[in-house]
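Data block below; observations after.
Residue numbers count from 1 along this sequence.
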Amino acid sequence: MTEDIIYGIHPVREAIDAGRPVEKLLIRQDMAPERMGEWRRLAKEIDIPMQMVPEIKLRKLSNNGNHQGVVAMLSAAAYHDLETTLLRLQEEGKTPMLVMLDGVTDVRNFGAIARSAECLGAQAVILPSTGAATLSSDAVRASAGALHHLPVVRVQDLVDAVLIMQAYGIRTVGLSEKGQATLWEVDLKVPTCLAMGSEEKGLSPRLLRRVEELVNIPLKGQVGSLNVSVAAGIALAEAARQRG
């Protein structure tokens, strides 16, 4: 077993019972319906993604070990709940500065963004439960350890997260080349969540329709885009500058 993988029915159950942070459960797709139902109920109870996969994938992950149809991918740290995080910031009297990542799957970009976020005063990073980089040991290394200090919030749906944040008075500002205003023109001193998407697709259409404001980073050169971690660093530095 590696530091990120546990396999076998009893080792996985023991890890869950011991409170180990589980990133995802992988279950053999032809498992008996009754047994699969048990794992599905457990995954729902502890709010972690579950995926049905072929036998060959489980054999590869377990290095041909006795996986018994179950593999758990572990997180390097525990995920946080969105509303609990927002309430904590409220109680501490802090003006929220959050980062939301939509479709950012590369752990190096995720780690670099987390490093900038922690260094520049953001209080949390928000990720969707699927289609995102994981809170793995590789991500922690890429963050230079920042992910040990910066809460990572996992949500089922980013649009729902935007609506929850609106209820707490937090405005979501999307970084996109489609933005009419520039980053330098937006007020980042108020409670804000900076949302950014992958370099290939940008923010998803659903999220684009929900953010309160879209802004762009003015570019002067011949290359038409920035690496997402660089864009995040620029936006966070501007927020830190405005907040003094």
Could you give the distance from [atom1] ([X]) to [atom2] ([Y]), rounded to the nearest 0.5 Å?
{"X": "Asp160", "Y": "Arg210", "atom1": "CG", "atom2": "CZ", "value": "9.0 Å"}
{"X": "Gln51", "Y": "Gln29", "atom1": "CD", "atom2": "CD", "value": "10.0 Å"}
{"X": "Tyr168", "Y": "Cys193", "atom1": "OH", "atom2": "SG", "value": "14.5 Å"}
{"X": "Leu203", "Y": "Asp102", "atom1": "CG", "atom2": "CG", "value": "5.5 Å"}
{"X": "Ile217", "Y": "Leu175", "atom1": "CD1", "atom2": "CG", "value": "5.0 Å"}
{"X": "Thr85", "Y": "Gln123", "atom1": "OG1", "atom2": "CD", "value": "10.0 Å"}

Indicate yes or no: at least one non-hydrogen side-chain atom of [X] is less than 4.5 angstrom from one of [Y].
{"X": "Leu194", "Y": "Leu188", "value": "yes"}
{"X": "Leu98", "Y": "Leu86", "value": "yes"}
{"X": "Val215", "Y": "Glu185", "value": "no"}
{"X": "Lys57", "Y": "Leu26", "value": "yes"}
{"X": "Met31", "Y": "Val70", "value": "yes"}
{"X": "Arg20", "Y": "Ile6", "value": "yes"}
{"X": "Arg154", "Y": "Ile48", "value": "yes"}
{"X": "Gln68", "Y": "Val12", "value": "no"}

Side-chain heavy atoms under 4.5 angstrom apart, residues restricted to Ile, Leu, Val, Met, Phe, Trp, Tyr: same cluster for [X] and [Y]?
{"X": "Leu25", "Y": "Leu135", "result": "no"}
{"X": "Leu120", "Y": "Trp184", "result": "yes"}
{"X": "Val22", "Y": "Val153", "result": "no"}
{"X": "Leu158", "Y": "Val173", "result": "no"}
{"X": "Met97", "Y": "Val162", "result": "no"}

Determine the minimum heavy-atom distance between [X] and [Y], stating which atoms define it.
{"X": "Ala122", "Y": "Leu150", "answer": "O-CD1, 3.4 Å"}
{"X": "Ala133", "Y": "Leu127", "answer": "O-CD1, 3.6 Å"}
{"X": "Pro128", "Y": "Leu101", "answer": "CD-O, 3.3 Å"}
{"X": "Met165", "Y": "Thr172", "answer": "CE-OG1, 3.8 Å"}
{"X": "Leu183", "Y": "Gln242", "answer": "O-NE2, 4.4 Å"}
{"X": "Met50", "Y": "Ala43", "answer": "CB-CB, 3.9 Å"}

Tell me if a side-chain donor or acceptor on [X] pairs with a main-chain N or O of [Y] at a distance below 3.5 Å.
{"X": "Asn63", "Y": "Gly65", "result": "no"}
{"X": "Glu23", "Y": "Ser75", "result": "no"}
{"X": "Glu213", "Y": "Arg171", "result": "no"}
{"X": "Tyr79", "Y": "Ser129", "result": "no"}
{"X": "Arg243", "Y": "Thr95", "result": "yes"}

For [X], does the [atom1] atom have more than 12 heavy-atom neighbours from other residues, nucleotides or ligands under 6.0 Å away?
{"X": "Glu92", "atom1": "CD", "result": "yes"}
{"X": "Arg88", "atom1": "CZ", "result": "yes"}
{"X": "Glu38", "atom1": "CD", "result": "yes"}
{"X": "Ile46", "atom1": "CD1", "result": "yes"}

- Is there a side-chain contact (heavy atoms from CB on, under 4.5 Å) between His80 and Val152 once you walk through the steps? CA-CA 6 Å; His80 292 250; Val152 177; 5.6 Å; no

- Item | Candidates Arg59, Arg28, Glu55 - the one meeting side-chain hydrogen bond (donor to acceptor under 3.5 Å, both in side chains) with His67 |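 Testing each of Arg59, Arg28, Glu55 against His67, the sole residue satisfying side-chain hydrogen bond (donor to acceptor under 3.5 Å, both in side chains) is Glu55.
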
- Ionic contact status for Arg241 with Glu238, cut-off 4.0 Å: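 Result for this pair is yes, salt bridge flagged.
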
- Evaluation steps, side-chain contact (heavy atoms from CB on, under 4.5 Å), between Trp39 and Ile9: CA-CA 10 Å; Trp39 286 107; Ile9 292 172; 4.1 Å; yes

- Message: Taking side-chain contact (heavy atoms from CB on, under 4.5 Å) as the definition, give me every residue that meets it alongside Ala112, ordered by chain and number, with sequence neighbours left out.
- Response: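 Residues passing side-chain contact (heavy atoms from CB on, under 4.5 Å) with Ala112: Ser229.
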
- Trace of the side-chain contact (heavy atoms from CB on, under 4.5 Å) decision for Thr105 with Ser198: CA-CA 8 Å; Thr105 57; Ser198 67; over 6 Å; no

